[in-house]
Amino acid sequence: MEYVLIIGHDMDFSKFNFSNRYIIGVDEGAYVALQNGVKVDVAIGDFDSIDADKLNYLKSNTEVIHLPQEKNDTDTMAALKLCKDAERIIILGGIQGKRIEHFIANLLLMERFPKVEMLDNNSHMYVMDSSFSIKKTDYKFISFFALSDTIITLDGFRYPLNKYHLSNMDPLTISNEITSERGIVTLKGGRILVIQSKEDKA
């Protein structure tokens, strides 16, 4: 099963296909989803970011799992624990926002849950541990960060590489671009974080 966790505002929901996916609204993300016409299967969180009227609205429109404010897990971690049979987990929102510590916490979750990928209107992030190809799309830039040391080869990119030793402290592979129909990424060992980003616009 594929799960979608809605945790932020930074997403044009009309451009995303929710069909045949289990939708979890996380904290205020559940309210945002319902307000944008997205059917939520369950809402989970401590809901400290919404008022009583919005919480009652959630309870009238979906199942709600109300967590205590003082807890060990973040709301997103609690939501991920509901995804027991997941083949793929997509988190919508949560990449940027005003609270950078929440973004860093989400990055750490991607290390712990390799099936997780994050999307918003401008970026797509995911983890890979084997060779793969990437189709050229409206994501102009693509960056690779080693979560553990790897040997990486890049073909079909503006800045190609041949069996380069990429360590987890090396920023060399930031802001590359696909120049062919598909970019080919060959990995020998290790794991990488892939970040695809759209072009900056004023």
Side-chain angles (χ1 to χ4, degrees), residues 1-8 11 15-24 26 73-74 76-77 79-96 102-199:
M1 179 180 289
E2 292 191 358
Y3 289 82
V4 176
L5 277 57
I6 301 175
I7 70 174
M11 190 70 199
K15 296 181 179 179
F16 190 82
N17 180 15
F18 292 95
S19 300
N20 301 316
R21 289 166 168 164
Y22 190 86
I23 312 302
I24 302 175
V26 182
D73 290 339
T74 64
T76 304
M77 170 66 86
L80 285 171
K81 289 182 176 180
L82 300 178
C83 308
K84 298 184 183 302
D85 57 346
E87 299 173 359
R88 183 185 184 195
I89 304 170
I90 302 165
I91 296 178
L92 298 184
I95 293 180
Q96 298 181 21
H102 286 294
F103 170 53
I104 293 173
N106 291 335
L107 284 178
L108 296 176
L109 288 177
M110 293 182 69
E111 170 72 4
R112 180 171 173 179
F113 297 90
K115 293 179 181 178
V116 167
E117 52 192 280
M118 289 200 294
L119 284 167
D120 67 7
N121 286 331
N122 299 303
S123 304
H124 183 195
M125 304 172 60
Y126 49 95
V127 173
M128 297 297 294
D129 61 3
S130 59
S131 300
F132 61 102
S133 66
I134 308 171
K135 185 178 179 180
K136 188 173 183 179
T137 63
D138 58 345
Y139 289 107
K140 179 178 176 61
F141 302 108
I142 182 165
S143 301
F144 307 99
F145 299 94
L147 299 176
S148 56
D149 287 14
T150 187
I151 304 299
I152 187 169
T153 297
L154 300 177
D155 294 304
F157 288 85
R158 181 176 180 182
Y159 306 108
L161 285 176
N162 183 33
K163 297 180 180 178
Y164 179 78
H165 180 199
L166 184 66
S167 71
N168 64 0
M169 300 297 289
D170 189 344
L172 177 73
T173 47
I174 191 173
S175 297
N176 211 328
E177 299 177 42
I178 298 173
T179 54
S180 302
E181 183 177 340
R182 303 187 76 90
I184 308 299
V185 182
T186 304
L187 299 179
K188 186 176 181 182
R191 299 171 69 203
I192 62 171
L193 173 66
V194 185
I195 303 179
Q196 293 181 251
S197 300
K198 295 181 180 178
E199 187 170 12

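Only heavy atoms go into these numbers, but all of them, side chains included; no hydrogens, no water, no symmetry mates.
Close placement of the Phe16 and Phe18 rings is indicated, their centers lying within 6.0 Å of each other.
Rounded to the nearest 0.5 Å, atoms CZ (Phe132) and CD1 (Ile192) are 4.0 Å apart. With rounding to the nearest 0.5 angstrom, the CD atom of Glu111 is 7.5 Å from the OG atom of Ser148. Here the CG atom belonging to Asp120 is positioned 8.5 Å from the OG atom belonging to Ser197, to the nearest 0.5 angstrom. Atom CD of Gln196 and atom CD of Glu117 lie 10.0 Å apart (nearest 0.5 Å). In this structure, CD1 in Ile152 is found 8.5 Å from OG1 in Thr186, a value given to the nearest 0.5 Å.
Thr179 contributes a side-chain N or O that, together with a main-chain N or O of Gly156, makes up a donor-acceptor pair within less than 3.5 Å. Looking at Thr74, its side chain does come within 3.5 Å of a backbone N or O of Met77 through a donor-acceptor pair. Thr150 places a side-chain N or O within donor-acceptor distance of the main-chain N or O of Gly189, the cut-off being under 3.5 Å. Judged purely by atom type and a 3.5 angstrom limit, Thr153 has no side-chain atom pairing as donor or acceptor with the backbone of Asn162. A side-chain donor-acceptor contact under 3.5 Å links Ser131 to the backbone of Leu187.
Scanning for ring pair (Phe, Tyr, Trp, His ring centres under 6.0 Å) contacts around Tyr164 gives an empty result, with sequence neighbours left out.
For the residue pair Ser133/Arg182, the side-chain donor-acceptor check at 3.5 Å is satisfied. Using modelled atom types and a 3.5 Å distance limit, the side chains of Tyr3 and Glu87 yield no donor-acceptor pair.
Closest approach of Ala146 to Leu166, counting heavy atoms only: CB-O, 3.5 Å.
Note on residues 123-148: pairs passing salt bridge (Lys or Arg N to Asp or Glu O under 4.0 Å), not counting sequence neighbours, are Asp138-Lys198, Lys140-Glu177.
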